[in-house]
2 protein chains.
Amino acid sequence: MSERSDDNREERPRLSRERVLRAAVAVADAGGIDSLTIRSLSQSLGVKPMSVYYYVASKDEILDGIVDLVFSEIELPTAGGEWRTEIRRRADSARRVLRAHPWAIGLMESRTSPGPATLRHHDAVIATLRTAGFSPELTAHAYALLDSYTYGFALQEVGLPFDGSDTVADVAEPIMERFSTGEYPHLVEMATDYYLQPGYDFGDEFAWGLNLILDALTTPAASATRHPSADRDREGSARQE
Amino acid sequence: MSERSDDNREERPRLSRERVLRAAVAVADAGGIDSLTIRSLSQSLGVKPMSVYYYVASKDEILDGIVDLVFSEIELPTAGGEWRTEIRRRADSARRVLRAHPWAIGLMESRTSPGPATLRHHDAVIATLRTAGFSPELTAHAYALLDSYTYGFALQEVGLPFDGSDTVADVAEPIMERFSTGEYPHLVEMATDYYLQPGYDFGDEFAWGLNLILDALTTPAASATRHPSADRDREGSARQE
DNA sequence: AGTGCTTTCGTACTTTGTACTGTACCGTCC
DNA sequence: GGACGGTACAGTACAAAGTACGAAAGCACT
């Protein structure tokens with residue numbers, strides 16, 4: 001896009017809303033969401049601060065925009081495919097994406113107006129479940145459950161002090177030492193006996209829980225519009241695998 | 001500089017770290033986390049801005065502190081009781097607390113150093129599960145699952161545009177109209193046929209999903225250290241029982 | 001009275017978001 | 001062809017934010 005036409009002077013638009021938002025994501029990825037200021041953003045774009053305001057109305061709009069941009073990175077499930085596979089694929093993708101952009105989760109809380117990618121995403125998941133034969137009611141239940149789990153897991157993951165480079169041990173060890181076995185005995189026991197064992201990866205828990213949820217959703221008890229109140233332990237009937 | 005001040009000024013400590021943090025929670029509850037500034041906080045305490053810095057080192061420390069304060073509001077499960085009841089109680093409590101302090105979820109992402117209340121909380125939950133006979137492995141699985149679900153649900157709940165005062169319909173209706181049935185057919189269908197029906201309360205989904213998880217955890221398949229059936233599996237994971 | 005500790009306040013510096021204004025270039029219409 | 005408006009940036013400026021620095025005011029000892 002260099003030798004377009006015209007003369008020596010180049011006045012092609014350097015910016016665009018798209019480019020502004022992508023740059024904002026890059027800045028946030030690199031230095032955290034706090035490092036994303038209008039000035040740092042504009043500098044990464046090679047323009048002066050106020051120039052970005054030609055493409056976005058406010059910083060809040062940038063924040064809304066990058067949340068939606070992150071959502072657009074999540075793989076959509078394909079309606080019609082084997083629903084467990086599709087749902088698992090999108091859940092895995094969501095987790096991966098949210099790990100790549102940890103700041104996005106914190107933003108989700110404050111941004112209440114969903115963007116187009118977010119809506120498209122919801123639509124695709126609903127379509128997958130409905131096409132697989134879920135009733136509207138069960139779809140609502142399942143969607144709330146799956147999304148809660150996925151986002152919640154991501155939330156916990158980014159809340160962990162380490163960032164994937166090392167195992168839990170490297171960071172947890174010094175913390176654990178401080179209250180050796182006095183104050184939080186069970187926590188310390190679990191940590192030393194399990195979390196801090198070599199090879200443990202918290203991320204692996206994701207698949208375990210997701211499988212449990214998917215299996216439970218295929219159970220007759222789930223389809224049978226369970227009621228939250230009265231059923232405690234009348235179970236054992238719910239197995240088929 | 002100025003001549004003098006009041007003579008009968010009593011100089012007993014008006015503040016304390018505790019009071020500062022509680023006031024910070026109150027300010028955040030009232031006007032959102034953005035409204036919590038050193039100046040607004042100090043004003044609500046009746047002192048000048050810099051005075052609060054005698055009790056906290058920085059605003060970040062305040063944020064860490066109020067997150068832990070919120071955690072301390074969550075009911076602890078009692079180890080030894082019927083574990084489903086205890087876990088349900090603490091999950092319900094967590095959801096209630098996080099709804100009362102919606103800003104806390106957004107903070108959890110950025111605050112990586114857990115406070116004493118947070119640790120005590122973890123300890124109590126682990127104790128409950130272990131006492132109920134869960135193996136360390138299953139405890140880890142179950143805890144990750146339950147926490148992910150609980151926080152994730154809360155995250156979704158506070159992300160909703162309405163704040164509990166009204167039904168979903170009031171806020172979703174105008175949004176839905178904009179793309180009547182064109183772009184997001186399944187989403188619109190679900191919304192009109194289900195979410196927007198009178199009497200629907202998203203919060204009710206919480207109990208449904210929680211029951212499904214609790215039931216699934218009592219299933220033999222869960223206890224039997226399930227493996228991601230059709231997934232890439234890690235080698236060397238501890239297996240016992 | 002002097003010394004030191006605790007608690008609060010005043011001042012000032014820096015970084016932030018952004019309102020207002022300016023400017024260079026383009027195309028369009030009379 | 002000249003006035004006009006639109007486009008895409010830049011410059012200046014200000015208010016609000018966090019907070020470093022240190023003074024001041026009271027108390028508790030000597």
Side-chain angles (χ1 to χ4, degrees), chain A residues 1-25 27-28 30-67 103 106-107 110-111, chain B residues 1-25 27-28 30-67 103 106-107 110-111:
Chain A
M1 54 191 76
S2 321
E3 71 261 44
R4 181 78 191 85
S5 60
D6 293 335
D7 36 317
N8 39 16
R9 224 191 45 72
E10 55 162 284
E11 194 71 19
R12 280 276 76 49
R14 276 171 278 180
L15 269 46
S16 69
R17 188 190 152 86
E18 175 89 7
R19 225 176 295 207
V20 167
L21 293 181
R22 291 205 183 283
V25 168
V27 171
I33 193 63
D34 286 340
S35 80
L36 175 62
T37 69
I38 296 292
R39 287 167 227 265
S40 67
L41 171 59
S42 62
Q43 189 171 358
S44 88
L45 285 163
V47 298
K48 298 292 174 176
M50 287 314 290
S51 299
V52 316
Y53 279 101
Y54 186 74
Y55 298 94
V56 293
S58 64
K59 184 172 181 183
D60 273 347
E61 198 181 293
I62 295 179
L63 297 179
D64 283 333
I66 59 179
V67 166
W103 41 264
L107 284 188
S110 41
R111 313 287 116 196
Chain B
M1 315 322 175
S2 301
E3 335 60 73
R4 30 123 292 208
S5 37
D6 320 32
D7 42 341
N8 193 6
R9 196 162 79 188
E10 61 173 87
E11 204 67 26
R12 280 272 70 61
R14 274 169 280 180
L15 269 45
S16 70
R17 187 189 152 88
E18 175 89 7
R19 225 175 297 207
V20 166
L21 294 181
R22 291 205 181 283
V25 168
V27 171
I33 193 64
D34 286 340
S35 80
L36 176 62
T37 69
I38 297 293
R39 287 167 228 263
S40 67
L41 171 59
S42 63
Q43 190 171 356
S44 87
L45 284 163
V47 299
K48 298 290 175 180
M50 288 313 290
S51 301
V52 317
Y53 280 100
Y54 185 75
Y55 298 95
V56 294
S58 63
K59 185 174 180 181
D60 273 347
E61 198 181 293
I62 295 179
L63 297 180
D64 283 334
I66 60 179
V67 166
W103 41 265
L107 285 187
S110 40
R111 313 287 116 196

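Keep in mind it's a predicted model, so treat the numbers as computed, not measured. Proteins get letters first, then strands, A, B, ... in listed order; numbering begins at 1 in each.
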Atom CD of A:Q43 to atom C1' of C:dT16: distance rounded to whole Å? 15 Å

Within this structure, what is the CD1-to-C1' distance between A:I38 and C:dT18, rounded to whole angstrom? 8 Å

Taking the side chain from B:S44 and the backbone from B:A23, do they hold a donor-acceptor pair closer than 3.5 Å? no

Specify the separation, in whole Å, of atom CG of B:L41 and atom P of D:dG18. 9 Å

Hey, which of these two, B:S16 or B:R39, hits DNA chain C nearer its 5' end, going by closest nucleotide? B:S16

Which residues, if any, of residues 52-62 of chain A bring a heavy atom under 4.0 Å of DNA chain C? A:Y53, A:S58, A:K59

Compare all side-chain heavy atoms of B:Y55 with those of B:L21 and state whether any distance is below 4.5 angstrom. no

Roughly how far, to the nearest 0.5 Å, is the CG atom of A:L45 from the CG atom of A:L15? 5.0 Å

When rounded to whole Å, the CG to C1' distance for the pair B:L36 and D:dG18 reads 12 Å

How would you label the contact of A:S51 with the nucleic acid (heavy atoms, under 4.0 Å): base, sugar-phosphate, or nothing? base

Donor-acceptor pair, side chain of A:R111 and main chain of A:L63, under 3.5 angstrom: no

Please figure out whether B:P49 or A:L15 has its closest DNA chain D nucleotide nearer the 5' end. A:L15

Using atom CG of A:L45 as one end and atom P of D:dA8 as the other, report the distance to the nearest whole Å. 15 Å

Side chains of B:V25 and B:W103 in contact at under 4.5 Å (non-hydrogen atoms): yes

Could you tell me how far apart B:I33 (CD1) and D:dA17 (P) are, to the nearest whole angstrom? 14 Å

